[in-house]
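Remarks on the structure that follows.
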Amino acid sequence: MKLRHLQATACVAMTLVSVLPQGVAQQATSTVSNQTQVSPTVPAPTRGVQNDTTGVPGLPQAPAPRATEPLYLRPTFTNYSKGKPFFPNPFKDYTSTTYMAPRLGNTSKLDDLLHDGKIYLSLSDAVTLALENNFDIAIARINLDIADTDLLRARAGSSLRGVSTGLVANTLGGTTTTITGGGGPGGTSSGSGGGGAGANGIVLSTNGSGPTPEALDPSLTGSLEYESADTAQASPLFAGATSLNQNTSTYNFGYTQGFLTGTQVQATFNNNRVSSNNVYNSYVPQLQTVFQVKATQHLLQGFGTGINGRFILQAKNDRRITDSAFRQQLLYTVNQVENIYWGLVSAYEDEQAKERALTQSTQLASDNRKQLQIGTLAPLDVVNSDSSVASDKQALIAAQTNLEYQQLIMKQAIARNLNDPQLSTAPVIPTDRVGLDRLPEEDMPVEDLVRQAYVNNPQIEQAVLNMKNNAITIKAEKNGLLPVVDAYAFYGGSGLGGTVSPTAICNFQNGGTCASEGLTSIDYGTVLGHTFNNSSPDRGVGVNITIPIRNRTAQADQARSQMEYRQSQMRLQQLYTQIRIQIINGQYALTNDRAQVTAAQASRDYAAQSYEAEQKKYKLGASTTANVLQQGRSLATAENTLISSTGAYAKDRAALLQLLSSTLDRYGISIEAAASGTIAMAPIIPGLTAPKTPEAPKPLNSTPPPVQ
């Protein structure tokens, strides 16, 4: 009994020391710069409030976010923001574009990991395969090209269709029953703030509204028509015949183009050729041409490049938002794959622990039956040990099914096609384990971590860009309050000619002179020359004015745009506050998790020593089957706790890097390679160790060594 008391005392001492941070006596005098070492009961020193930390008064007072680089990531070689070249083949503009079909097969890297019917998977391999095969990343990758099409529309003067910038979260997994707990004092969800999606209650209904910009792409119209009409005449006197036969050929053309200044230019060129049996016509056939150039300029509503070019600016911002959203998708999916991997590791180790427990209980049951046969053991002890074997078998079956499910979850996260029977049935063997080495972020001052998160977080980058779009909308809505005042000017000319009609009726009231007398035939070339030689000019200027009475619709939209902008400001400031809390909670989580792992390891070692000692006593006849089984159950519980706490630490460690948005940089993942879907260099993930079997219980000494 004295030995057991010494063991229990040693275990409790190790647990308490591991839970308490080192240098607890010095926490009361630690500086505020490292918040993880500040005692929660010591008053904070008096310091001045910094109302302006950026040099720009107002909210938010935080460093500017780092732009996702390089800008305009390309998943394909085609730049869909420029369209097809007009020269040397202008007809290409009228041909369809076929987007490449998605790859539905797996990359060859997955086959390379298959050996002897098993997939030996490291965490680096899992991340690499996810970057190449994961459907969530593949779907988000296409958004990069979709955003380019919006930029192409904006350069043509059209409105934006928008692009999805939320997270694609269709990959299953990320949680497991073998990992419970973890996290900081703020909750048990590891990485709860790692990636957000959606507008979070922000209204964006006025985005893109305001005066309609001018169409910047020119348009050419044409109307070619031939008409032959026979019309019965009620009074033949006016036509010279009972039936008027008239053939009309029309050749009309138009050209329209808008400009960023709010100017629209229209040019029309109309031609017609009329052949008729009307005896009063001077020319048969008659040729007539008319042209006019008209320029219209918005003077109030719709005036200026800022209003007409705002969709181009918004499309560029949206394209940068899409780049940032793709980076956020990478951070989210890589973190999810890490969670799945550590869930697989915990399930794999849990299954091995259940196998060891079954082996131990089976051996005990076998020994009990031998003792029962020689009459040194009561039948009740055999029944007790057999019951333990049945319970361990059930636990092993549950662990095996959980392991198979975690293997399937891992496969669907890193593969696109699971129809290969060998691939779908091959067990996945994780080859990495997490180390307990401290991350540099654990010892950094909280303010430095928070500042790093402010600079790198893609959500903040997207929020700032969205606010820029909101500011553009506010200007457009303000311009939309003005009346419509459009000044225009036009200039044109016309020409008339044809072949002199030989059947024209003479005007006897004018002394018998014929209508065609003195006229000469004029061919089309001469008519066209008269049209453009200012011989028959048509010119003018004018103003169109539209004043909406009360203007309540524009007032409502303009006020709404201001409200939405204020919402965006508050949401951005709230995002800064949330990230600060999440960073602090994430840093606390690693401290707590490491203490839990250390305590769980000590408990497991103590349970293993107790179980071994109880077995020795049982073999010497100084213990009972019930005591041995009780120590076996304690050992199984301690191993489960160690597996769960280690998995929680691994997940929280990855979650902190995701919160800091430094996962890609830390692992050496190229965002350009991820955008293309071809990963040439595997990520290098620090802090990993090779798997190792549980150590045998250390022999107990009369005096345990001091706790380190």
Side-chain angles (χ1 to χ4, degrees), residues 11-28 30 32-42 174-194 335 338-339 342-343 345-346 349 433-450 452-453 578-606 637-660 662-663 686-689 707-708:
C11 178
V12 171
M14 291 179 64
T15 303
L16 291 176
V17 173
S18 62
V19 171
L20 292 175
Q22 294 183 354
V24 66
Q26 300 176 357
Q27 286 188 356
S30 60
V32 181
S33 61
N34 192 338
Q35 191 163 344
T36 59
Q37 297 179 356
V38 174
S39 173
T41 60
V42 176
T175 59
T176 175
T177 57
T178 54
I179 299 179
T180 57
T188 58
S189 175
S190 57
S192 59
N335 178 259
E338 288 188 89
N339 290 341
W342 297 125
V345 169
S346 65
E349 293 184 342
R433 300 295 184 269
V434 66
L436 293 180
D437 297 335
R438 294 181 66 86
L439 291 177
E441 288 79 6
E442 295 183 63
D443 301 320
M444 290 178 60
V446 168
E447 290 302 322
D448 292 347
L449 287 181
V450 171
Q452 179 181 342
Q578 290 176 347
I579 290 176
R580 171 181 291 274
I581 299 301
Q582 290 166 356
I583 291 296
I584 296 173
N585 188 55
Q587 196 178 44
Y588 284 150
L590 293 187
T591 302
N592 296 343
D593 291 343
R594 181 176 286 102
Q596 290 173 0
V597 172
T598 304
Q601 183 65 56
S603 298
R604 188 266 171 197
D605 293 342
Y606 168 71
T637 301
E639 287 190 332
N640 290 340
T641 303
L642 178 59
I643 292 171
S644 178
S645 58
T646 304
Y649 168 76
K651 295 177 68 173
D652 286 338
R653 193 182 73 161
L656 180 59
L657 295 181
Q658 185 195 6
L659 284 170
L660 294 172
S662 60
T663 305
L688 303 179
T689 62
V707 179
Q708 300 296 327

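Only a predicted model underlies this, so the values are computations on that prediction, with no experimental measurement involved.
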If every non-hydrogen atom of [X] is compared with every non-hydrogen atom of [Y], which pair is closest and at what distance?
X: L590; Y: D652; result: CD2-C, 3.7 Å
X: R594; Y: L439; result: NH2-N, 4.5 Å
X: A648; Y: I179; result: N-CG2, 3.6 Å
X: L660; Y: A453; result: CD2-CB, 4.1 Å
X: L688; Y: V434; result: CD2-CA, 4.5 Å

[X]: side-chain hydrogen bond (donor to acceptor under 3.5 Å, both in side chains) partners, not counting sequence neighbours:
X: T180; answer: S644
X: S346; answer: T178
X: N592; answer: none
X: T641; answer: none

Can any side-chain N or O of E441 pair as donor or acceptor with the backbone N or O of Q587 at less than 3.5 Å?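 No.
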Check your understanding: Any donor-acceptor pair under 3.5 Å linking the side chain of R653 with the backbone of G687?
Key ->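 Pair found, side chain donor or acceptor close to backbone of G687.
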(request) Using side chain to side chain contact (heavy atoms under 4.5 Å, CB included) as the criterion, list what pairs up with L436, not counting sequence neighbours. (result)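 Partners of L436 under the side chain to side chain contact (heavy atoms under 4.5 Å, CB included) test: V597, Y649.
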Between atom [atom1] of [X] and atom [atom2] of [Y], what is the distance when rounded to the nearest 0.5 Å?
X: T646; Y: K651; atom1: OG1; atom2: NZ; result: 13.0 Å
X: L656; Y: E442; atom1: CG; atom2: CD; result: 8.0 Å
X: L659; Y: N335; atom1: CG; atom2: CG; result: 8.5 Å
X: I579; Y: L449; atom1: CD1; atom2: CG; result: 13.0 Å

Evaluate Q601 against D605 for side chain to side chain donor-acceptor pair (under 3.5 Å), listing each step before the verdict. CA-CA 6 Å; Q601 183 65 56; D605 293 342; 3.0 Å; yes
Quick note, salt bridge (charged side-chain N to carboxylate O under 4.0 Å, His left out) partners involving residues 638-648, not counting sequence neighbours, are R356-E639, R604-E639
query = Considering only heavy atoms from C-beta outward, does the side chain of E338 approach that of Q658 to under 4.5 Å?
reply =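 They are not in side-chain contact.
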Original post:
With a 4.5 Å heavy-atom cut-off, do D593 and S645 have their side chains touching?
Top reply: no
